[in-house]
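I have placed the structure first, in the form of structure tokens, so that the comments after it can refer back to it.
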Amino acid sequence: MRITRDPAEVRAALRGAERPLGLVPTMGALHAGHLELLARARSECRTVAASVFVNPLQFGPNEDFERYPRAFDSDLAALRAAGVDVVYAPDVATMYPPGFATTIDPGPVADGYEGALRPGHFRGVATVCVKLFATVCPDRAYFGAKDAQQVAVLRRVVADLDLPLELVVVPTVREPDGLALSSRNVYLDAEQRGAAPAIHRALDAIIRAVRAGETDRERAVARGRAELSPALREAYLDVVDPETFAATGEIRPPALAIASAWLGTTRLIDNEPIEPGAALQGERA
Ligand code: AMP
């Protein structure tokens, strides 16, 4: 496994690499969710590259950039075990040298929900991903469904900028109690950890309501809200179009139930798709 902090070295290492070439972008602190992306890339691609970069451009001034978990040595062991060929782990000064000024504005899909709570977040995500794509030139890039708005933003960016790669979206990996794996779960104390699965239960309640025939967004969301305990503070709970992240009055699948809640100073996110035909399955809520 080749490990480098230098984009020119990445290009050299991948010149003539066997295709398809898959890229798995990460911020490190790898968990089983990341491993799922790596396994999928390894199963579909002849060459696999992974990046490890905690991207300051996607963190707000009062967010957790400084304390975001970093575990480079164990990440490298996990990447090696996953069969990664090339690891790109640039320094901040390499990614954003003095004078750096060009960023990608992904438009309205980035405005609501995560974009509203984290102004500039998706500009940071889009910019770093386009830079990673330009350095690695992958045929496929692998992202987690857990960060659904990130996927919607990147789909827009890839389409709008004619980037010659395919986005592959990997289903969310969860703890047995439903909590989506996240590098931020380490911030939770025991009580918060106990309360956290309510986020996923809220999404499940929305899905059950739709399956039972509910088409009104507000009523479906209210069913989800009833699952949230006082230990959680809702940041948002809604049903949106998975492509545009616009909420509509009537739920018309395919749609996406999305949730975010604060546990103390930690905010977690999750989502579940509402598939076409969901309302026809006749399940009781
Ligand atoms: P991060 O390191 O948090 O930026 O995540 C890197 C990639 O892993 C992103 O595409 C995430 O969506 C994905 N990811 C994070 N958590 C999970 C999870 N629980 N299941 C699947 N993919 C995930």
Side-chain angles (χ1 to χ4, degrees), residues 22-44 48-60 63-65 67-72 74-76 78-79 82 84 87-90 92 95 106 110 113-114 118 121-133 136 138 140-155 157-158 165-188 193 196-197 199-200 203 242 245 256 258-260 266-273:
L23 169 65
V24 181
T26 82
M27 298 204 301
L30 301 182
H31 52 63
H34 298 108
L35 299 187
E36 195 70 21
L37 268 60
L38 293 161
R40 178 81 177 271
R42 188 67 278 173
S43 74
E44 295 179 352
V48 175
S51 58
V52 177
F53 180 62
V54 185
N55 175 31
L57 205 60
Q58 71 188 67
F59 286 78
E63 293 183 357
D64 57 344
F65 174 70
R67 71 172 186 136
Y68 192 85
R70 287 163 173 86
F72 194 55
S74 58
D75 287 346
L76 287 183
L79 293 167
V84 169
V87 178
Y88 178 36
V92 171
M95 190 62 90
Y113 307 102
E114 289 307 298
R118 308 184 69 184
H121 171 67
F122 287 121
R123 186 174 60 93
V125 168
T127 303
V128 81
C129 285
V130 167
K131 292 195 65 155
L132 293 169
F133 298 159
V136 174
R140 297 178 188 148
Y142 292 80
F143 292 92
K146 197 203 82 160
D147 296 284
Q149 196 173 4
Q150 168 169 282
V151 169
V153 163
L154 292 174
R155 282 203 191 290
V157 168
V158 165
L165 62 101
E166 181 194 344
L167 295 188
V168 181
V169 180
V170 177
T172 302
V173 178
R174 302 178 179 284
E175 300 284 4
D177 60 12
L179 176 65
L181 296 192
S182 163
S183 304
R184 290 194 168 93
N185 290 354
V186 298
Y187 297 152
L188 303 178
R193 175 64 188 82
I199 300 172
H200 188 241
L203 294 169
F245 263 69
L256 192 69
I258 58 171
S260 173
T266 302
R267 189 169 62 82
L268 300 181
I269 63 172
D270 201 352
N271 67 85
E272 277 288 351

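Atoms within each ligand, like the ligands themselves, are counted from 1 in listed order. Numbering starts at 1 and runs along the sequence shown. We use all heavy atoms of the structure for the numbers below, so side chains are in, but hydrogens, waters and symmetry mates are not.
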Exercise. Does R40 pair with E44 as a salt bridge, N-O distance under 4.0 Å?
Worked result: yes
For this session: Determine whether any heavy atom of R174 lies closer than 4.0 Å to an atom of ligand 1.
Result: no
Seminar exercise, completed: So the atoms of ligand 1 within less than 4.0 Å of a heavy atom of G33 turn out to be 18 (C), 20 (N), 21 (C), 22 (N)
Problem set entry | ligand 1-proximal atoms of H34, by part, heavy-atom distance under 4.0 Å | side chain
Exercise. Any sub-3.5 Å donor-acceptor pair from D270's side-chain atoms to I258's backbone N or O?
Worked result: no
Exercise. Can you tell me if E63 and Y68 form a side-chain donor-acceptor pair at under 3.5 Å?
Worked result: no
Problem set entry | Value rounded to 0.5 Å, distance of CG in L30 from CZ in F72 | 10.0 Å
Exercise. Would you say A32 touches ligand 1, if touching means a heavy atom closer than 4.0 Å?
Worked result: no
Exercise. Looking only at heavy atoms, is any part of E36 under 4.0 Å from ligand 1, and if so is it the side chain, the backbone, or both, or is it neither?
Worked result: neither
Exercise. What are the atoms of ligand 1, with element, lying closer than 4.0 Å to any heavy atom of L181?
Worked result: 16 (N), 17 (C), 18 (C), 19 (N)
For this session: Would you kindly specify which portion of V24 sits under 4.0 Å from ligand 1, judged on non-hydrogen atoms: side chain, backbone, both or neither?
Result: neither
Exercise. So which bit of P25 gets within less than 4.0 Å of ligand 1, heavy atoms only: side chain, backbone, both or neither?
Worked result: backbone
Seminar exercise, completed: Taking only non-hydrogen atoms of L37 and a 4.0 Å limit, the atoms of ligand 1 in range are 7 (C), 8 (O), 10 (O), 13 (C), 22 (N)
Exercise. Side chains of E272 and H200: is there a donor and an acceptor less than 3.5 Å apart?
Worked result: yes
Problem set entry | ligand 1 atoms in contact with H31 (distance to a heavy atom under 4.0 Å) | 15 (C), 16 (N), 17 (C)
Seminar exercise, completed: Of all protein heavy atoms, the one nearest atom 11 (C) of ligand 1 is D147 OD2, 3.1 Å
Exercise. Are a donor atom and an acceptor atom from the side chains of T266 and R184 found within less than 3.5 Å of each other?
Worked result: no
For this session: Is it possible for you to check whether R118 lies under 6.0 Å from the centre of the six-membered ring of Y113, through NZ or CZ, and within 45° of that ring's axis?
Result: no
Exercise. Considering G144, S51, P69, A141, which one's heavy-atom position lies nearest to atom 13 (C) of ligand 1?
Worked result: G144
Problem set entry | Nearest neighbour in protein (non-hydrogen) for atom 4 (O) of ligand 1 | M27 CG, 3.5 Å
Problem set entry | Residue and atom name of the nearest protein heavy atom (relative to atom 20 (N) of ligand 1), distance in Å to one decimal | V173 N, 2.9 Å
Problem set entry | P171 heavy atom under 4.0 Å from ligand 1 | yes
Seminar exercise, completed: One finds that the ligand 1 atoms under 4.0 Å from a non-hydrogen atom of F143 are 10 (O)
Problem set entry | 4.0 Å heavy-atom contact, Y68 with ligand 1 | yes
For this session: Answer yes or no: is there an ion pair linking D75 with R70, defined by an N-O contact shorter than 4.0 Å?
Result: no
Problem set entry | N-O pairing of R193 and D177 below 4.0 Å | yes
